[in-house]
Amino acid sequence: MTIDTGLSTRSGIALPKGSGMGGGIVSGVFEQAESMRPTIYGERWAIVGGHPLVSEVGAEILRRGGNAIDAGVAAGFASNVVQVEMCNLGGIAPILVREAGSPEVQAIAGIGTWGASADLATIRDAYDGALPLGGVPSIVPGAVSGWLTALSRFGTMELPEIIGAAIELARDGFLLDPRTASHLARMGAGFSRWESSTAVYQPAGAPLEAGERLVQPALARTLQRLSDAAADARAAGASREDAIEAAHALFYRGDIAETIAAFVTDRDGYLTVEDLAGFRAEVSPAPSVRFGEWDVHVTPTWSQGLVVAQALGVLERRGIRDIADGTVEYAHEVVEALKLAFSERERAYGDPRFTTETADELLADEHLASLAAMVGERALPNLPTAPQAGPALPSTTAIVVVDAAGGAFSSSPSDTIDGAPVIPELGIICSPRGVQSRLVEGHPNALRAGGRPCVTPAAVIALGADSDDIWAAACPGGDVIVQAIVQAMLQYDVYGKSPQAAVEAPRLFGSSYPGGFHPHPIGESLVFVEAGFGEDVAAGLQERGHEIIDWPANEFDAGSVQTIVSTSTPTGSRLLAAGADSRRTAYAQAR
C-alpha cells in the first residue's frame, strides 16, 4: 500500500510517498492522540487515586470482591501513608458515597470540629488576628471517623482487610518517586521547625531523595492498633459494624485521643478528650443541581463543593452549550460563573448547623437565575453578591471509585505535614484546618466552638437520567479544586471530550475573592490562563476587565481532576471510563 503523505518542507519540497506495514512516514492514516495519557476503560470497576500505589491498593480490594466503598476507604488509608505530603490520617476526608441502586448520594463529614473551649474573640486578640500553626488552629481529626463511617455503613469488608496494605506501606516503607520526593523536600521548609516531623521525613537530617525508602513506624503502629481493635472485637463475637466501631472508639475515646488532646493543649490549642469523644462524621443527603442530563451531587456547605453546583447552574442558564469551546466568550462565562459562586461562598457557606441559608435555597432555580442575570460583557467586581467581605496550606489528594453494580465513592482527603507537627507516639498530625475558619464575627464561616470550618476539599458524584449512569470526580488544589472540576465537567459533557482529554484540557483560575486559608487574601480580578488557550483568549479577557497572569501548560497548581464515568454501551453492558490528570501523580486502573 502506497500513500501520499501530503507533507512538504517549508521551502516546498514534497515528502516522498510512504508505504504501509511500517514502511516510513504515513501521514493521516492514524489520528493524533487526543490526550497525553489514554482514557482507561473497564467493565467491572475503575479507580483513580492520587498516586499509583494508592490506586493499586484500592484495585486489589476490588479484585478480591470488595465494592467501590471498600476500595475507596482502603485507598484513603493508603493515601494517608503514601501521600503524607498531601493528606494525613490525622487530617480531614470529605466523602460522597452512592450505594448501588440508590437514587441518592450521601455526604460523610470527615471534617473535624473546633474544641468546645475555642473562642473567636479570645484567639483573635491573643494573636493579633493571626492563627499561628502548631496547635492553635487544631480541630478534631476527622479523616479516621470518615473512613470508618463509610466502611461501616456502605462497605462490605472487614477493617483488617481494608487497612492491611496501609499498615505494610507504613511499617516496611515504600520507595519515593521523584515527584513525591520533591514535594517532601519542599514541605521541609514548613515542617523543619518541628523536630518530631523532621525525625520522620528527614531521618538523616536531609530530605529523602527519589529511590530512597520512607518508613513511618509510629504511623504503622497506630494503624495496626485500629486493625487489632476491630479484629479483637470480631473474635469476641461482635458484628462487622460493631468491630469497626471498636476501632472508632479506640481512636476517639481511648489513649489515642488522650495523646492527641494533650499534644494540642501543650501547644496552646483548644482540644480536650471530651471534644474527641463527642465527635462523629455525620452522614447526610448530598445537595444537587441539574446540569444537562445529570443530577450533580456535591459536598454540603461545610465544604466549598457547592461552588461546583452553583457555577454549573449559572452556566446552564447562561447557555454554555451554545458557546464554542476555547473562545474568549467561553473563558469569560466560566470565570464569571465561578466568581459569582465564590462570592456566594463568602456570603453564605459555613457549617450548616449554624448558617442561615440552606444548600437547597442556594441552589433554587430562582436564585441561580438571578445570579446568571448578573453576568455581562465586562468583568464583574469582586464579590458581586456580598456587600461586605471579611478582612497556606498547599494541597490535597483525591480518590474516585465506581463499580459495575453502581456503587460510587469520591473523596478529597487532605492536611499537609507542614501544617502541624507530627505527634511522635502516633505518627500523625492533628488537623490544622481551623485556618479555614474566619476570625470575623457574624461571618457564616466564623470560628465557632464545636463548629466545622468550611473547607476547600470537595467531592462530586453525578447520577444520569439512566439511574445506572454515574459520574464521579474529585481534585486537589485549595481554591483551584472546584474551578478545575467545573471545567473538566464542561469539557466532557458540553464539548464531548473523553474523560482523559477532559481532565487534561487547558484551564483558567479566577481569584477575585478572599482565599480559603488564613489570612484569606483577595486576588483583585486575577485570572490565571494556562497555556493551550490562544493569545486571543488572554487578550480578550483583558479587554473585558480581567487581570491576566500566564500559566505554563500542565501547571501543577491548576489542580489534578480525577474522574470516572460509568455508562451503558448500545448492547447494554457496563462501560467505565477513567481519567487521571497528568498535572500530578494521579493514576487510573480499571477491569
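Starting from 1, each residue takes its place in the sequence as its number.
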key: Leu151 vs Asp70 side-chain heavy atoms within contact, under 4.5 Å   = yes
key: Heavy-atom donor-acceptor pair, Gln589 side chain to Val48 backbone, under 3.5 Å   = no
note = Sorted by chain and residue number, the side-chain hydrogen bond (donor to acceptor under 3.5 Å, both in side chains) partners of Asn88 (sequence neighbours excluded) come out as none
note = For Ala348 and Thr355 the tightest heavy-atom approach is O-CG2, 3.7 Å
inquiry  = side-chain contact (heavy atoms from CB on, under 4.5 Å) for Met86 and His183? Distances and angles first, verdict last.
reply    = CA-CA 9 Å; Met86 297 291 177; His183 295 166; 3.6 Å; yes
query = Is any side-chain heavy atom of Gln436 less than 4.5 Å from a side-chain heavy atom of Gln304?
reply = no
Val440 vs His520 side-chain heavy atoms within contact, under 4.5 Å = no
query = Going by heavy atoms in the side chains, are Ile522 and Pro514 under 4.5 Å from each other?
reply = yes
message = Holding to side-chain hydrogen bond (donor to acceptor under 3.5 Å, both in side chains), I want the full list of residues that pass it with Glu344, two or more places apart in sequence or in another chain.
response = Gln310, Arg347, His367, Thr385
query = How many angstroms lie between atom CG of Leu575 and atom OH of Tyr41, to the nearest 0.5 angstrom?
reply = 6.5 Å
inquiry  = Does any part of the side chain of Leu315, heavy atoms only, come nearer than 4.5 Å to the side chain of Val486, both counted from C-beta?
reply    = yes
message = Can a donor-acceptor pair be found, under 3.5 Å and without considering hydrogens, that links the side chain of Arg583 to the backbone of Val503?
response = yes
remark   = When every non-hydrogen atom of Gly112 is compared with those of Pro453, the smallest separation belongs to O-CD, 3.8 Å
inquiry  = Looking at Arg438 and Glu346, is any side-chain nitrogen of the basic one under 4.0 Å from a carboxylate oxygen of the acidic one?
reply    = yes
ask   = Is there a donor-acceptor pair closer than 3.5 Å between any side-chain N or O of Glu504 and the backbone N or O of Arg37?
value = yes
message = Walk me through whether Ile95 and Trp147 qualify under side-chain contact (heavy atoms from CB on, under 4.5 Å).
response = CA-CA 8 Å; Ile95 301 168; Trp147 301 140; 3.8 Å; yes
note = By salt bridge (Lys or Arg N to Asp or Glu O under 4.0 Å), Glu535 pairs with (sequence neighbours left out) none
task = Drop me the distance from Leu526's CG to Ser511's OG, to the nearest 0.5 angstrom.
result = 5.5 Å
Any pair counted as salt bridge (charged side-chain N to carboxylate O under 4.0 Å, His left out), so long as it reaches residues 315-329, sequence neighbours left out = Glu316-Arg321, Arg317-Asp365, Arg318-Glu333, Arg321-Asp493, Asp325-Lys497
Inter- and intrachain pairs under salt bridge (charged side-chain N to carboxylate O under 4.0 Å, His left out), touching residues 565-577, at least two apart = Asp469-Arg574
request  = Output, in order, the C-alpha distance, side-chain angles, deciding distance and verdict of side-chain contact (heavy atoms from CB on, under 4.5 Å) for Thr180 and His51.
outcome  = CA-CA 9 Å; Thr180 303; His51 188 282; 3.7 Å; yes
inquiry  = Can you give me the closest heavy-atom contact between Ala553 and Ala531, atom names plus distance?
reply    = N-CB, 3.4 Å
Side chains of Trp45 and Ile564 in contact at under 4.5 Å (non-hydrogen atoms) = no
query = Is there side-chain contact between Val296 and Met489, with heavy atoms separated by less than 4.5 Å?
reply = yes
note = When every non-hydrogen atom of Ala379 is compared with those of His546, the smallest separation belongs to CB-CE1, 3.4 Å
task = Determine yes or no for a side-chain-to-main-chain donor-acceptor pair under 3.5 angstrom, with His332 supplying the side chain and Thr327 the backbone.
result = no
ask   = Does the pair Gln106 and His297 meet the rule for a side-chain hydrogen bond (donor to acceptor under 3.5 Å, both in side chains), with working shown?
value = CA-CA 9 Å; Gln106 301 295 324; His297 297 261; over 6 Å; no
inquiry  = My understanding is that only one of Val460, Leu338, Ile481, Val289 makes a side-chain contact (heavy atoms from CB on, under 4.5 Å) with Val308; could you say which?
reply    = Val460
ask   = Who pairs with Glu336 by salt bridge (Lys or Arg N to Asp or Glu O under 4.0 Å), at least two apart in sequence or on another chain?
value = Lys339
Shortest non-hydrogen contact from Pro94 toward Trp302 = CB-CZ3, 3.6 Å
ask   = So, the side chain of Thr569 versus the backbone of Ser573: is there a donor-acceptor pair under 3.5 Å, distance only?
value = yes
ask   = So with a 6.0 Å cut-off around OH of Tyr587, is the heavy-atom count from everything else above 12?
value = no
ask   = Closest approach of Ser412 and Ala474, non-hydrogen atoms and distance?
value = OG-CB, 3.6 Å
inquiry  = Can you list everything that forms a salt bridge (Lys or Arg N to Asp or Glu O under 4.0 Å) with Arg290? Sequence neighbours excluded, please.
reply    = Glu293, Asp295
inquiry  = Distance check, rounded to the nearest 0.5 Å: Leu96 atom CG versus Ser410 atom OG?
reply    = 5.5 Å
query = Any chance CZ of Arg186 has more than 12 other-residue heavy atoms, nucleotides or ligands included, within less than 6.0 Å?
reply = no
message = If we count only N and O atoms by modelled type, under 3.5 Å, do the side chains of Thr397 and Arg584 hold a donor and an acceptor together?
response = no
inquiry  = Can you list everything that forms a side chain to side chain contact (heavy atoms under 4.5 Å, CB included) with Pro506? Sequence neighbours excluded, please.
reply    = Glu530, Phe533
message = Thr299: which residues meet the side-chain hydrogen bond (donor to acceptor under 3.5 Å, both in side chains) condition with it, sequence neighbours left out?
response = Ser303
ask   = Can you tell me how far OG of Ser431 sits from CD1 of Ile92, rounded to the nearest 0.5 angstrom?
value = 6.0 Å
query = Hey, mind stepping through Phe342 and Val307 against side-chain contact (heavy atoms from CB on, under 4.5 Å) and telling me if it holds?
reply = CA-CA 6 Å; Phe342 272 98; Val307 167; 3.9 Å; yes
query = Is there a donor in the side chain of Ser498 and an acceptor in the side chain of Glu34, or the other way round, less than 3.5 Å apart?
reply = yes
ask   = So how far is it from Asp581 CG to Met36 CE, rounded to the nearest 0.5 Å?
value = 9.5 Å
query = Residues in side-chain hydrogen bond (donor to acceptor under 3.5 Å, both in side chains) with Tyr495, at least two apart?
reply = none
request  = Taking Thr149 for its side chain and Ser145 for its backbone only, find out whether a donor-acceptor pair lies under 3.5 Å.
outcome  = yes
message = Is any side-chain heavy atom of Val73 closer than 4.5 Å to one of Phe409?
response = yes
Of all pairs that satisfy salt bridge (charged side-chain N to carboxylate O under 4.0 Å, His left out), the ones with a partner from residues 474-485, not counting sequence neighbours = Arg345-Asp479
message = Closer than 3.5 angstrom, by distance alone: can the side chain of Arg378 be matched with the main-chain N or O of Glu543 as a donor-acceptor pair?
response = yes
request  = Can you measure from CZ (Arg591) to CG (Leu62) and round to the nearest 0.5 angstrom?
outcome  = 10.5 Å
Side chain to side chain donor-acceptor pair (under 3.5 Å) partners of residues 548-565, not counting sequence neighbours, each pair once = Trp471-Thr563, Asn554-Ser582
